[in-house]
**Student:** 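Have a look at this one before I ask anything.
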Amino acid sequence: MTGLLNEFLTEARDLVEATSQGLLVLEGTPDDPESVNTVFRSIHTLKGASGIFDIAPFTNTVHAAEDLLDAVRDGRVMLTPEIVDRLFEALDQVSIWLENLEVDEALSDGAAETGRALSARLRAFIGGSSEGANGAVDAVEDGAVDGLGCEWLATVPEDVRRDLFTRLSNDGGSLVAITYEPDESAFFCGDDPFFTVRQIPGTVWAEIVPRQSWPEPADFDPYQCNLCFRLLAVSDQAPISDMLRYVESQSTVAPIGAIDLALPNGASDAAVELEAFAASARELIERADWEALSAAVASAQESAPGDSLQASALRWMEAALAVPDPQAELVARLVEVVTLGVAPSPTATWNNARPEGNSSNGKEAGGDGNAGGMSPAVTAARILADVREGLALPIAPEIWDGQLASTSVVLARVFSELRLSDCADALDGVLEAAGTERSYAPIRDLVGRALDLIGADDPQEESEAPGSAPVDALETKPQNGTRSSILKVDQTRVDTLMDLAGELIVAKNGLPFLARRAEDSFGARELAREIKAQYEVINRIADDFQAAVMQVRMVPLDQIFQRFNRLVRDVSRKLDKRVKLEIKGGDAEADKNVAEDLANPLVHLLRNSVDHGIETPEERVRAGKPEEGVIRLSAQSMGDYVLIEVADDGKGIDPEIIKRKAYEKGLLDEQRLDSIGDQEALQYILMPGFSTAQEVSEFSGRGVGMDVVRSMVEGCGGRISIESEVGKGTTIQIHLPLSMAVSRVMIVDVAGHSFGISMDSIVETVRIPTDDIHRVKTREAVVLRDRLIPLCRLAETLDLKPNVEMNGRSDEAVLIVRVDNHELGLVVDRFHAGVDIILKPLEGIMAGYTLYSGTALLGDGSVLLVLNLQELMQCLS
Amino acid sequence: MPLLKKKTVVVLEGVCGAEDAEPLLEWLQDRPNGKLNLKRCSHLHTAVLQVLLALRPTISADPEDGDLRLWLTTALGGAFCRE
C-alpha cells in the first residue's frame, strides 16, 4: 500500500470520528453555528482529501453529505433526528469503504450503486424530490454553472425529439441529457473534452457550441477552452457518470424521460382558432378515447400553420397518441398549449431534483480544497499558515521583539475571529514562554494546533509534525476535546521502548552485587563505593526513563468514552427509550492497551444499562422519575489505579431475585441464602454460569453475561463490583490498575524450579514443624495464631518431582499468602529474596497456561515464571 | 508527424494532439486561404478543433473516419446524423 493511501486512511478515520462526535454535539445544540461549522469542516476536508484517489462514489457521497450540511448551516434545512440518522448512515458506509481501501486498495463492487442511493437520500432533504420524471431515483449530479443542465432540451430539433420520444415509448430504454462545459483551463489539466465526448456510448444527438463568440484570429488563443458540449444519449446514467467522474463539477448527466422531450416550440399564431377542438379534446381525454382524439388532432392540424406553436403541440399530440398506453396528463397539457397558445417553460416539465444554489457549485475549479463559502475563515487560515511560515525564517535580532509583538496582535485577532477559545487562552502563556526562551517555537506549535482545529489543508503541517520535537509529545497532553495528537507513532516502537526500559531496570540491579563482590572478593572498598554511587545515578535515571515511557502510552480515557455517545444514542433510539449519557473525568489517563481492552466490557455494561436498567419513558413517569434516564460514565484517578463507574438511575436490581437465581443454580446453599447480605448477593451476578436465557435480548444476552464482562475486566488486571438499589438505579465499579508497573515478587524454589510469587499476596513466611501439620482426609492444614490455614504442597500441585533430599525434614518452609480474603499456605523448598521485575503476560500458545500470570527476565538472563495465585486457589477448591 | 505542411494545404494525419494547435493556427494565420486535408485524420484534440471552429478554414478533404466526420460536421454547425 502506498504511503499516500496509508496517510489518507489515518486522516480519514480521524475525520469520520470527528464528524461523528460533532454530529452528536450538534444534535444536542442544533442552533449553535460553531457546532455546524465543526461538522461541516471535517466533512469538507474529508471530501477534499478523498479527491486524490479514484474513489468517485466515496467522494460523491461525502459531497452529498457536505451539501446537506451546508443547507443546514444556511438555515435552508432544519436538522431533524432523521437527517442525523442519514448522515450517520453515510458515515458508516464511508467507514466500511475505508476498510475496503485498506484491504483491497479499492472500493467494493457495488460502491457506485450504494453511493448513488446514499447521495440521493441525503440530497432528498435539500428541497425538491429526487425522483426523476420517469421514476428514476438517481439525483442529478452537481450542475454545471447554470445549475439545471437541460434547459437546452427545447432547442434540440423537434423531429429528433419526436423520433426519440417514439422510440423510447415503444422500445423502452433510458435516455440521458449530458451537458459538459469544460473549464477554460481544462487543457492544462490534461483534459481533451472532445475525446471524452466521443467516447460516450449511445449518442443520438449532439451539439458543440462556443460559450462566447470566437475572437479575431489574431487574438485567438486555442488553449482556452470555449466550448460547450450537449448530448442526448440512449444509455444508463451510471456508465456515463463514471466516464465523466473526473469532470463532475463541469458537467451534468441527467436522466430524461420520454415525456420530457415533448416540448412544443414555435411562435404562437394568434389567428389559429381551435377552441372547438380543445373542448372536444378534453372530453375525449376524460373518456380515454384515443382513437377519436387522434382523428380530432389530424383534422385540427389542417388549421394550424406548420411553424406555429399550436402545430407543434398538435404534432406532439399525434406522437403521444401513437404510442401504446398514451399518457393522459401529457396529452392534456398539450391541449392547453394549443388552446392558450403559450409554450410551457422548460422547467415546468422538468422534474429532476435541482440542487438549490449549492455553495459548492462552480467553486470547485482547480480543487484547491479551500473551505469554500467561508471567506473570513479561509483568509484566517491563510494568515495562520503565513504567520507560521514567517516565524520559521531567520530574522535579525533587532527586530525579534517587534515581530513577537506584531505576531501576538495578529494571532489574538485571528483566534477571536475563528472562535478558537482554547488557543486564545493559551496565547499569553505561549508568548511569555517564547519571550523567555527567545524562540518562536512555542508560537509555531500553537499556530499548528490552531490550524489543526480548523482543519486547514496545510501541507507544511504534515512535514512539520514529525520534526517538531519528540519532546513535545511527552510534555504536551492532548487538549480536552481536541482529538488530534501531536505525534503519531507506531505503537510497536513505544512497546520496544518499554521493553528496553524494563531490561535497563533489571540490568541496573546487578550493580549492587558487583559492588559487594568488589569489596568482598577483591578488597576494593573505594571501587565498591564508587560503583554504588554510580548505581544510584543510573537507578534514578532508569526509573525516570521508565516512568516517561509509560507516560507516552497513557491516553485519556475520553478517547474510549466518547465513542459511547453514539452507542447509547443508537440503542436508546431503537428501544424507544430516552437516555442521556453523561461523561465525567474523561481526562483521567490509563495505559493505551488497558484502555482499549476496557472498551469491550464497557460496551456491554452500557447496553445492559439501556436495555435492562433504564425503564421506558412511561414507566419512569409512573415511578415519579424524569422521562429521560441518565447513565453516568465516570473515571477518577486514584493514584496508581483508576476508578471507573457506570451508574444509571434505572430500576435497579432486586437482590431477592438474584439470591433465588443463585440458589437455583447451586451457587448458594440454603444457609447462605438466608444469611447473605443484599449487596453481597448482587456480586453473584458476576459469577460464571449466572446469566439466564431470560436476559437475552437483541442487545444483551446472546451469551454475554456479566461473568464475561468480569473476566474481561480481570483480564486487564482490574476488579469489578456492583451496587444497586431497587427503583433507584445500579452502579458498576471497575478498579483498573494503571499500567504494567514494576512489581515486586518473591522467588521460591520448588523441586529444583524457581517461581515468582507477588509480594502483594504474601502475608508471611514461616517454618512449620512437620508435626504441627494436621491431616484432614486428603487435605493438609496448619493452625497459625488461631487460624486454620490450608496447605498446598506446590511440588505436588505443579506435578513436579519433589526434591529427594527434602524428605524427612523436621520442618517445612511455608509461604502464607492471602488471595480474595482466603488464606493459603504454600509449601516450598526454599525462600529467596524479593526482586523487582517487569511482569510480561504470556503470549501466543503460552497464553493458555492461566496458572502463570506471566514471566519476567531476571538479572542473570534467566526467565522466571510468576504464579497466578487466584488461578491456583480456584484449582485447589 | 501529424501536421504535414505544404504550400497551400496542410495535411492532418492520425491523432492531432494539443501541441499541433499552435503550429496549425500560425499556418492558417499566414495563409488565410489555406486548406485542410483531413482524409487520414482520426482525432483532433479539442484545442485543434477550436482552431477549426474559430477560423473556419476550407476543408479540402473530409475525414475517411466516419465517426470523426460525424462529429466534425456537428461541430461545424451541421446536424448530428448517424448514417
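All values derive from a computational prediction rather than experimental measurement. Order of the sequence lines sets the chain letters (A, B, ...), proteins ahead of strands, with each chain counted from 1.
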**Student:** Mind listing the closest non-hydrogen atom pair of B:His45 and A:Phe187 along with its distance?
**Tutor:**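 Where B:His45 meets A:Phe187 most closely, the heavy atoms are CE1-CD2, 3.8 Å.
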
**Student:** Are more than 12 heavy atoms from other residues, nucleotides or ligands located less than 6.0 Å from atom CZ of B:Arg31?
**Tutor:** yes

**Student:** What heavy-atom pair brings B:Leu68 and A:Arg198 nearest, and what distance separates the two atoms?
**Tutor:**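 Result for this residue pair: CD1-NH1, 3.5 Å.
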
**Student:** Out of curiosity, B:Glu22 CD to A:Tyr223 OH, how far, rounded to the nearest 0.5 Å?
**Tutor:** 5.0 Å

**Student:** Mind ranking B:Ala75, B:Gly78, B:Gly17, B:Gly77 by heavy-atom pairs under 4.5 Å with chain A and telling me who comes out on top?
**Tutor:**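 Between B:Ala75, B:Gly78, B:Gly17, B:Gly77, the count favours B:Ala75.
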
**Student:** Test side-chain contact (heavy atoms from CB on, under 4.5 Å) on B:Phe80 and A:Val160; report intermediate values, then the result.
**Tutor:** CA-CA 10 Å; B:Phe80 184 94; A:Val160 173; over 6 Å; no

**Student:** With only heavy atoms counted, which part of A:Glu216 is less than 4.5 Å from chain B, the side chain, the backbone, both or neither?
**Tutor:** neither

**Student:** Taking CD in A:Gln199 as the centre, count heavy atoms belonging to other residues, nucleotides or ligands within less than 6.0 Å. Is the count above 12?
**Tutor:**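 Above 12, so yes.
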
**Student:** Taking all non-hydrogen atoms of both residues, which atom of B:Gln50 and which atom of A:Phe220 are closest, and how far apart?
**Tutor:** O-CZ, 3.6 Å

**Student:** Nearest 0.5 Å, what's the CH2-CZ distance between B:Trp71 and A:Phe229?
**Tutor:** 8.0 Å

**Student:** Quick one: CG on A:Asn226 to CG on B:Leu53, what's the gap to the nearest 0.5 Å?
**Tutor:**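 The distance works out to 9.5 Å.
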
**Student:** Under 4.5 Å heavy-atom distance to chain B, tell me which part of A:Leu231 shows up: side chain, backbone, both or neither.
**Tutor:** side chain

**Student:** Of the listed residues (A:Asp221, A:Val197, A:Thr203), which shares the most heavy-atom pairs with chain B below a 4.5 Å separation?
**Tutor:**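 If we count pairs closer than 4.5 Å to chain B, A:Thr203 comes out on top.
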
**Student:** With a 4.5 angstrom heavy-atom cut-off, is it the side chain or the backbone of A:Ala218 that approaches chain B, or both, or neither?
**Tutor:** backbone

**Student:** Non-hydrogen atoms of chain B under 4.5 Å away: do they reach the side chain of A:Thr196, the backbone, both or neither?
**Tutor:** neither

**Student:** Should the pair A:Phe194 and B:His43 be assigned to parallel (<30°), tilted (30 to 60°) or perpendicular (>60°) ring geometry?
**Tutor:**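 Ring orientation, 0 to 90° scale: parallel.
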
**Student:** For a side chain to side chain contact (heavy atoms under 4.5 Å, CB included) with A:Pro222, tell me which candidate from B:Leu49, B:Leu24, B:Val48, B:Val51 qualifies.
**Tutor:**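 The side chain to side chain contact (heavy atoms under 4.5 Å, CB included) with A:Pro222 is passed solely by B:Val51 among B:Leu49, B:Leu24, B:Val48, B:Val51.
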
**Student:** Where is the tightest heavy-atom contact between A:Ala206 and B:Thr74, given as atom of each residue plus distance?
**Tutor:** O-CG2, 3.2 Å

